[in-house]
Amino acid sequence: MKVRTCLLWLAIILLTVLPLWLVNAPPTAPGADAPAIFAGADDRAQRAIGDIAPGYQPWFAPVFSPASPEIASLLFALQAAIGAGVIGFWLGLSVARERARREAAAVSSQDRRAD
């Protein structure tokens, strides 16, 4: 394996492991089941709005509310997988088109030399 490839793999592994190793989990609040490590921006935004304007009423209600946080995580992961699939398909299609264009250009240049 080339040195460049090994360094790339090492960088990927370090970027994956170091954040998990270096981050300290916040302390658990009294009466809470688990620390809010994975609390999203939505929760923080709701708290900030509640602090700024305690009497605020939302303009509309959500169209769909998942039955549990696990289902919400599943739907989020599914959305991410579909997005990654679309991006991967587009990238593969772009690479294949570029390769076909180069091969067609090489064949046409060989045909011109033969004439």
Side-chain angles (χ1 to χ4, degrees):
M1 218 184 314
K2 293 182 179 178
V3 174
R4 188 175 186 181
T5 305
C6 290
L7 289 175
L8 183 62
W9 277 109
L10 180 65
I12 290 170
I13 291 169
L14 286 176
L15 286 173
T16 304
V17 174
L18 280 179
L20 298 173
W21 182 50
L22 295 176
V23 159
N24 294 328
T28 305
D33 292 338
I37 296 172
F38 297 108
D42 293 343
D43 296 333
R44 290 182 182 173
Q46 285 177 346
R47 282 193 302 252
I49 291 170
D51 292 343
I52 294 169
Y56 175 78
Q57 293 294 320
W59 294 357
F60 54 88
V63 176
F64 170 72
S65 239
S68 69
E70 291 82 12
I71 293 175
S73 293
L74 171 72
L75 292 173
F76 183 76
L78 182 63
Q79 177 185 359
I82 290 170
V86 168
I87 291 171
F89 176 78
W90 174 80
L91 186 60
L93 188 64
S94 298
V95 169
R97 282 183 181 168
E98 180 64 24
R99 187 177 295 148
R101 188 187 64 78
R102 286 182 186 166
E103 289 174 0
V107 167
S108 67
S109 66
Q110 286 176 355
D111 288 346
R112 285 188 214 145
R113 281 189 234 150
D115 290 338

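Keep in mind it's a predicted model, so treat the numbers as computed, not measured. Side chains are part of it too, since the values below use all heavy atoms of this structure and drop only hydrogens, waters and symmetry mates.
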Are [Y] and [X] co-members of a hydrophobic cluster defined by side-chain heavy atoms under 4.5 Å apart?
X     : Y     : value
Trp9  : Val3  : no
Tyr56 : Phe60 : yes
Leu14 : Leu22 : yes

Next item on the list: State the CG-CG distance between Leu10 and Leu15, to the nearest 0.5 angstrom.
Entry: 9.5 Å
Check: Got a second to check how far Ile12's CD1 is from Leu7's CG, nearest 0.5 Å?
Finding: 11.0 Å
Check: Salt bridge between Arg99 and Glu103, side-chain N to carboxylate O under 4.0 Å?
Finding: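 No, this pair does not count.
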Could you list the donor-acceptor pairs under 3.5 angstrom formed between side-chain atoms of residues 72-94 and any protein atom two or more places apart in sequence or on another chain?
from	atom 1	to	atom 2	distance (Å)
Ser73	OG	Pro69	O	3.2
Ser94	OG	Trp90	O	2.9

